[in-house]
Colleague: 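Take a look at this one; I'll ask things after.
Letters A, B, ... are given to chains in the order of the sequence lines, protein chains preceding strands, and every chain is numbered from 1. Computed from a predicted model, the values in this text were never measured in an experiment.
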2 protein chains.
Amino acid sequence: MKEITTQQQRVLDCIQVYLNKTGFPPTRADICKELGFKSPNSAETHLRALEKKGFISIESGTSRGISIIGGSAPDGQAQDEYPIIGLVAAGSPTLASENIESKINCPNNFFNSNFDYFLKVKGLSMKDAGIMEDDLVAVKKTNEVKNGDIVIARIDDEVTIKYFNRKSEKIVELQCANEDYKDIIINLENEDLTIEGKSIGLLRKN
Amino acid sequence: MKEITTQQQRVLDCIQVYLNKTGFPPTRADICKELGFKSPNSAETHLRALEKKGFISIESGTSRGISIIGGSAPDGQAQDEYPIIGLVAAGSPTLASENIESKINCPNNFFNSNFDYFLKVKGLSMKDAGIMEDDLVAVKKTNEVKNGDIVIARIDDEVTIKYFNRKSEKIVELQCANEDYKDIIINLENEDLTIEGKSIGLLRKN
DNA sequence: TATTATACTGTATATATATTCAGTATTTAA
DNA sequence: TTAAATACTGAATATATATACAGTATAATA
């Protein structure tokens with residue numbers, strides 16, 4: 001799933017809201033009206049971009065033939081239970097049941113991309129990225145990450161959440177967002193690094 | 001709800017199946033094809049009967065403007081649409097419709113307390129509290145706040161989000177969580193201060 | 001530097017679609 | 001037994017809608 005732009009996100013949200021409200025998808029004109037565009041082609045091009053990036057599918061020649069891909073069931077209300085996993089300092093596999101602290105019921109299109117679990121954050125190493133102690137980070141399991149992504153990384157059974165920065169072919173920097181913490185430099189020749197997934201959103205209850 | 005006939009039930013089922021399969025409702029022609037009718041008017045009359053009996057609603061003049069009534073979301077969790085409101089620098093009442101940027105479907109017990117809307121944050125004045133630009137703060141409308149709460153406050157049509165600190169009977173401090181910003185001291189004798197509500201949670205999409 | 005992606009306006013048009021009208025036939029309620 | 005509801009075919013049509021084409025402009029990328 002490629003990156004989505006702000007405007008494309010607005011269009012995607014607009015489709016979802018329209019679906020929730022009416023029970024059927026919007027036309028190009030409906031989207032224009034909702035978002036203030038003056039030409040139906042504005043909506044059209046955004047829709048084609050969203051289709052190309054895999055967020056929606058468009059049935060050709062079909063009125064309102066838009067459907068949102070990724071967990072979106074009958075009427076966009078689909079929900080699932082997502083586990084909350086503690087950021088265990090050391091030990092057993094992340095998704096092992098003994099690490100599941102609790103579960104949250106949440107629409108599965110809640111964040112822009114689908115995701116697999118919530119990670120409960122310990123420590124303040126990502127403070128300047130707005131990630132505080134006990135925050136729940138929505139994690140999508142993947143190892144396709146790019147520089148600047150906030151990733152969940154495992155080094156020798158130790159799980160951390162950090163910015164990902166590939167410095168060279170063999171050097172990866174796990175960067176903190178807090179000057180009181182030290183960045184972690186991994187030499188892939190000597191050390192093991194597993195990318196568990198990346199952050200696609202955050203939830204905080206206070 | 002009146003009695004439904006066998007054929008009307010078949011049409012209703014057909015709509016539901018089509019919705020599950022495609023994500024959008026069928027046309028009259030689609031229903032004909034599915035059920036073997038040879039005239040679109042066959043579908044039309046059944047649809048009108050279903051509408052009259054309250055099983056579906058039909059948006060007049062709208063392609064695929066069929067929605068099934070009642071059958072939408074009874075799979076467990078109570079949900080609601082929560083508006084997302086921009087942090088408008090100045091102007092109109094907070095919940096006025098022109099300020100609603102979008103809506104989010106979310107279980108209404110999602111945060112520990114119930115809440116009324118999401119506020120989209122502008123600026124970084126609460127950065128050290130982990131509240132970043134474009135974060136969505138879940139706001140509960142109330143004016144019962146205590147020291148240390150993160151509140152949504154209005155001063156002369158200007159809406160801000162800050163820590164609440166009552167210094168004395170007439171002095172309230174609205175404290176930032178960012179040393180680059182200045183705290184706001186309000187003397188209630190000279191100045192107006194309205195507490196719109198307080199933050200009970202946070203949502204971030206990235 | 002050229003190219004591609006994004007982000008629009010504006011016009012035009014083929015066709016997808018709702019919807020009306022004219023029939024026929026059967027069943028059910030008043 | 002007369003009307004009303006159900007259950008269809010078939011044709012006609014206004015309009016709702018997708019979609020192409022012609023532009024303009026900006027930012028990102030190679």
Colleague: Atom CG of A:Asp30 to atom C1' of D:dT15: distance rounded to whole Å?
Modeller: 15 Å
Colleague: Salt bridge check, A:Lys146 against A:Asp149: does any charged N sit closer than 4.0 Å to a carboxylate O?
Modeller: yes
Colleague: Taking OP1 and OP2 of C:dT6, is either one under 4.0 Å from a side-chain nitrogen or oxygen of A:Gln7?
Modeller: no
Colleague: Are the charged groups of A:Lys122 and A:Asp134 less than 4.0 angstrom apart, N to O?
Modeller: yes
Colleague: Less than 4.5 Å apart, any side-chain heavy atom of A:Leu174 and any of A:Tyr163?
Modeller: no
Colleague: Please report the shortest heavy-atom distance between B:Pro25 and B:Leu19, naming the atom on each side.
Modeller: N-CD2, 3.8 Å
Colleague: Could you give the CZ-to-P distance, from B:Phe37 to D:dA7, as a whole number of Å?
Modeller: 9 Å
Colleague: Can you find a side-chain donor-acceptor pair between B:Ser63 and A:Arg64 that sits under 3.5 Å?
Modeller: yes
Colleague: If pairs are Watson-Crick or G-U with both distances under 3.5 Å, what is the dot-bracket string of DNA chain D, marking crossing pairs with [ ] and pairs to another strand with |?
Modeller: ..||||||||||||||||||||||||||||
Colleague: Show the distances under 3.5 angstrom between N or O atoms of the protein and N or O atoms of nucleotides 20-27 of chain D.
Modeller:
unit_1: D:dC21; atom_1: N4; unit_2: A:Asn41; atom_2: ND2; d: 3.2
unit_1: D:dA22; atom_1: N6; unit_2: A:Asn41; atom_2: ND2; d: 3.4

Colleague: Once you apply a heavy-atom cut-off of 4.0 Å, does A:Ser42 come out as touching a base, just sugar-phosphate, or nothing?
Modeller: base
Colleague: For A:Gly123, is there any backbone N or O sitting under 3.5 Å from a side-chain donor or acceptor partner on A:Glu133?
Modeller: yes
Colleague: Starting at CD1 of B:Ile31 and ending at P of C:dA18, how long is that distance when rounded to a whole Å?
Modeller: 8 Å
Colleague: Tell me the interatomic distance from B:Ile4, atom CD1, to D:dA7, atom C1', rounded to whole angstroms.
Modeller: 15 Å
Colleague: Picking from D:dT6, D:dA18, C:dT6, which would you name as closest to the side chain of A:Lys53?
Modeller: C:dT6
Colleague: For B:Ser63 and D:dT17, is the shortest distance between a side-chain N/O and OP1 or OP2 below 4.0 Å?
Modeller: yes
Colleague: Check whether any side-chain nitrogen or oxygen of A:Arg28 sits under 4.0 Å from OP1 or OP2 of D:dA18, and answer yes or no.
Modeller: yes
Colleague: Specify the separation, in whole Å, of atom CD of B:Glu51 and atom C1' of C:dT19.
Modeller: 13 Å
Colleague: Output yes when at least one side-chain N/O atom of A:Ser60 is less than 4.0 Å from OP1 or OP2 of D:dT19, else no.
Modeller: yes
Colleague: Does A:Thr45 make a side-chain N or O approach to OP1 or OP2 of C:dT6 shorter than 4.0 Å?
Modeller: no
Colleague: So, OP1 or OP2 of C:dA7: does either fall under 4.0 Å of a side-chain N or O from A:Lys38?
Modeller: no
Colleague: Any salt bridge between A:Glu158 and A:Arg154, counting N to O under 4.0 Å?
Modeller: no
Colleague: Expressed as a whole number of angstroms, how long is the span from A:Leu47:CG to C:dT6:C1'?
Modeller: 14 Å
Colleague: Atom CZ of A:Arg64 and atom P of C:dT17: how far apart are they, to the nearest Å?
Modeller: 11 Å
Colleague: From C:dT19, D:dT17, C:dA7, pick the nucleotide closest to the side chain of B:Ile58?
Modeller: C:dT19
Colleague: Using whole Å, report how far CD of A:Glu59 lies from C1' of C:dT17.
Modeller: 16 Å
Colleague: Indicate whether OP1 or OP2 belonging to C:dA7 is found under 4.0 Å from a side-chain N or O atom of A:His46.
Modeller: yes
Colleague: If you check every side-chain atom of A:Gln8, which of C:dA18, C:dA7, D:dT19 has the closest atom?
Modeller: C:dA7
Colleague: I'd like to know if the side chain of B:Lys162 pairs up with that of B:Ser125 as donor and acceptor (distance under 3.5 Å, no hydrogens or angles considered).
Modeller: yes
Colleague: Does the distance from a Lys or Arg side-chain N to an Asp or Glu carboxylate O, for B:Arg204 and A:Asp135, drop under 4.0 Å?
Modeller: no
Colleague: If you count heavy atoms of other groups shown closer than 6.0 angstrom to CD of A:Glu34, is the number above 12?
Modeller: no
